[in-house]
Amino acid sequence: MSGAQQPPYARLKDISPSDDGRIVSVAGWVEDIRNLGGVVFIILRQREGTLQLTFKKKDDPDILGQAVAVNRESVIGATGRVVANKQARNGFEILPAKLEVLSPAEAPLPLGVVDKVGAELDTRLDNRFMDLRKPEHRALFAIRSLALRSIRDYMYANGFVEVHTPKLAGAGAEGGASLFETDYFGKRAFLSQSPQLYKQMLMATGFDRVFEISPAFRAEPSDTVRHITEFISFDAEVAFIRHQEDFLKMLEECVVGSIAYVKEHGKEHLEILGLDPKVPSLPIPRLLYVDAIGILQEYGKKVKEGDDIDTEGEKIIGRAMQEKGHELYYIRDYPSAIKAFYVMPKEDDPEYSNSFDMEYKGMEMASGGQREHRYDKLVERMKAFGLDLVNFDFYLKPFRFGMPPHGGWGFGIDRFVQKMLDLPNIREAVLFPRDRNRLIP
RNA sequence: GCCCCGGUAGUCUAGCGGUCUAUGAUCUCGGUCUGUCGAGCCGAGUGCUCGGGUUCGAAUCCCGACCGGGGCGCCA
């Protein structure tokens, strides 16, 4: 273990058949041990793939004995000679002269990494560290990372400032009942369900364009494949707009760009998963709310103008749009009555609002719109919603001292990854998901 | 929170009142084998979620709790 005198461990990508004869040290997880009696193979797994260690009884029976004694999924280090060999994976194998167990794994494993049986999601999540040793599961998160990187790149390139608003707050963001309550030095506090009010307040500062990628918490006891209690929300707010179309263009470019970025830079990961997501063409369709209701009526669903679109309706529209070749689209101009208090009703038809949802494969990815920036109108609407204005003084104050017209969106990162990769459950797209029953790990 | 379905070895499953000393696979352990790469072959090991009840008898039927799967409501 006198590490300082020894060369660093070589990675799989640093070794090739042309290194024949070279002495290298490698480390990794023991994926499998194949004991053929006179010869033993250890399949060693690293981040990028697996390589083979070969032990021959006639060369060194002692080290062969050590190799056979190692438990699967232990972390080992080995030093030996590289031998080019067409029979071995990668075209080479290593014949170790030294083998050390850096961290043994107990047996049996709580979850097999290469076992020929499946495991339920619940079991996998209970043992997530082990589950993520499977390349196809790590690939999901490599892709998620790429998608986020592309989103950030787009936002920075378009003049947005990345911000962080508080996740602990003394008042509920939108006055809903779906807040987690906690004790804050004897006072009641809530986990933020949305950065909504804070990002709007920032519109009164001169930043003009802000975005935030951070957790949001919802205490709704939803038990579905598309809800978790802690999710990552990508929020943005833009000042000095004339119409929501001014930023819808940005959102669609950002989202479509993210899918394209994943396809371009995540080829190896998509290959592991056998996936090839479609890149929607720009601009994506804008379906008016009233037309969406029309589609539902065409499909025989009993809805009337003014109704909210329920899950079934959302799925029907998803299929209808899919038939026309559209996976990603906006639904615009919802009735004012079914949207939050901060939405701006349309000038010419106040029954409807400057609001939108972005839908991807029949699931809501984002919602947003132009906000009511006129103090009097905002207060009027808040009263109509039955909100106690005393609790919202901190929010309303900026509206009395010069608030530019503005709007923005909230976009669910976890759902985006779920739909882009056609995952059956949002929990697959989250490392350590939180839901109604799961708080550990 | 509501509706439907389910909970069997570390993992995934069959069984659905006695014939269950519970099926198969995977896994683990032991044996064998000098080119495996889903290694092979021989042998062994581990289990009916918990608590009540019905019955001569319960993995199996009933009730409750907890947990899981699907759907709904709501939403990102």
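Chain letters run A, B, ... following the sequence lines, proteins first and then strands; every chain starts at 1.
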* Measuring from A/Glu359:CD to A/Lys361:NZ, what's the distance to the nearest 0.5 Å? -> 13.5 Å
Take the angle between the ring planes of [X] and [Y] and call it parallel below 30°, perpendicular above 60°, tilted in between.
X        : Y        : value
A/Phe341 : A/Tyr395 : perpendicular
A/Phe394 : A/Phe392 : parallel
A/Phe234 : A/Phe411 : perpendicular
A/Tyr289 : A/Tyr334 : tilted
A/Phe416 : A/Tyr360 : tilted

Return the polar atom pairs (N/O with N/O) between nucleotides 4-7 of chain B and the protein under 3.5 Å, or none.
none

Measuring from the side chain of [X] (C-beta onward, heavy atoms only), which nucleotide among [options] has the closest atom?
X        : options             : answer
A/Ser367 : B/C12, B/A39, B/A76 : B/A76
A/Phe231 : B/A76, B/G35, B/C75 : B/A76
A/Arg89  : B/C75, B/C37, B/G35 : B/C37

[N] to [M] separation - [atom1] atoms, rounded to the nearest Å:
N     : M     : atom1 : value
B/C12 : B/G69 : P     : 12 Å
B/U49 : B/C42 : P     : 32 Å
B/U26 : B/G35 : P     : 22 Å
B/C16 : B/G73 : P     : 37 Å
B/A9  : B/G51 : C1'   : 23 Å
B/C41 : B/A22 : C1'   : 27 Å
B/G38 : B/A25 : C1'   : 13 Å
B/C2  : B/C61 : C1'   : 26 Å

Is the base of [N] touched by the side chain of [X] through a donor-acceptor pair closer than 3.5 angstrom?
X       : N     : value
A/Glu31 : B/C37 : no
A/Glu93 : B/G35 : yes
A/Gln52 : B/U36 : yes

Please report, rounded to the nearest Å, how far the [atom2] atom of [N] is from the [atom1] atom of [X].
X        : N     : atom1 : atom2 : value
A/Arg415 : B/C75 : CZ    : P     : 11 Å
A/Asn127 : B/U11 : CG    : P     : 8 Å
A/Asp308 : B/A76 : CG    : P     : 11 Å
A/Met130 : B/G10 : CE    : C1'   : 11 Å
A/Leu64  : B/C33 : CG    : P     : 12 Å
A/Asn35  : B/U36 : CG    : C1'   : 10 Å
A/Ile338 : B/G73 : CD1   : C1'   : 15 Å
A/Lys339 : B/C74 : NZ    : P     : 12 Å

* Asked: So, A/Lys167 and A/Ser214: side-chain donor and acceptor under 3.5 Å apart, yes or no?
  -> yes
* With distance as the sole criterion, is a donor-acceptor pair present between the side chains of A/Tyr342 and A/Gln200 under 3.5 Å? -> no
* **A/Ser233 vs B/A76: side-chain N/O to OP1/OP2 distance below 4.0 Å** => no
* Which residue lies more 5' along RNA chain B, comparing A/His227 with A/Asp32 via nearest heavy atoms -> A/Asp32
At under 4.0 Å between heavy atoms, what does [X] touch on the DNA or RNA strands: base, sugar-phosphate, or nothing?
X        : value
A/Met365 : sugar-phosphate
A/Glu106 : nothing
A/Lys57  : nothing
A/Gly112 : nothing
A/Ala216 : nothing

* To do: Map every base of RNA chain B to its dot-bracket character, where paired means a Watson-Crick or G-U wobble contact with both distances under 3.5 Å and | marks a partner outside the strand.
  => (((((((..(((.....[.....)))((((((.......))))))...(((((..]....))))))))))))....
* To do: Can you sort out which residues in residues 37-49 of chain A have a heavy atom within less than 4.0 Å of RNA chain B? Ascending by number, please.
  => A/Gly37, A/Gly38, A/Val39, A/Phe41
Should we say atom [atom1] of [X] is surrounded by more than 12 heavy atoms from elsewhere, each under 6.0 Å from it?
X        : atom1 : value
A/Glu351 : CD    : no
A/Lys57  : NZ    : no
A/Lys249 : NZ    : no

Looking at [Y] and [X], is any side-chain nitrogen of the basic one under 4.0 Å from a carboxylate oxygen of the acidic one?
X        : Y        : value
A/Glu230 : A/Arg218 : no
A/Asp59  : A/Lys56  : no
A/Arg133 : A/Asp131 : no
A/Glu327 : A/Lys419 : no
A/Lys339 : A/Asp357 : yes

* **Heavy-atom side-chain contact between A/Leu95 and A/Phe55 under 4.5 Å** => no
* To do: Establish, yes or no, whether the cationic atom of A/Arg332 lies under 6.0 Å from the six-membered ring centre of A/Phe356 and within 45° of the ring axis.
  => no
* Looking at residues at least two apart in the chain, or sitting in another chain, which of them share a salt bridge (charged side-chain N to carboxylate O under 4.0 Å, His left out) with A/Asp126? -> A/Arg438
* To do: Would you mind building the protein contact string for nucleotides 66-72 of chain B? One character per nucleotide, 5' to 3', B for base within reach (heavy atoms under 4.0 Å), S for sugar-phosphate only, - for untouched.
  => -SS-SSB
Find every protein N or O atom lying less than 3.5 Å from an N or O atom of nucleotides 26-28 of chain B, and list the pairs.
residue, atom, partner, partner atom, Å
B/C27, OP1, A/Lys116, NZ, 3.2
B/C27, O3', A/Arg72, NH2, 3.4
B/U28, OP1, A/Arg72, NE, 3.0

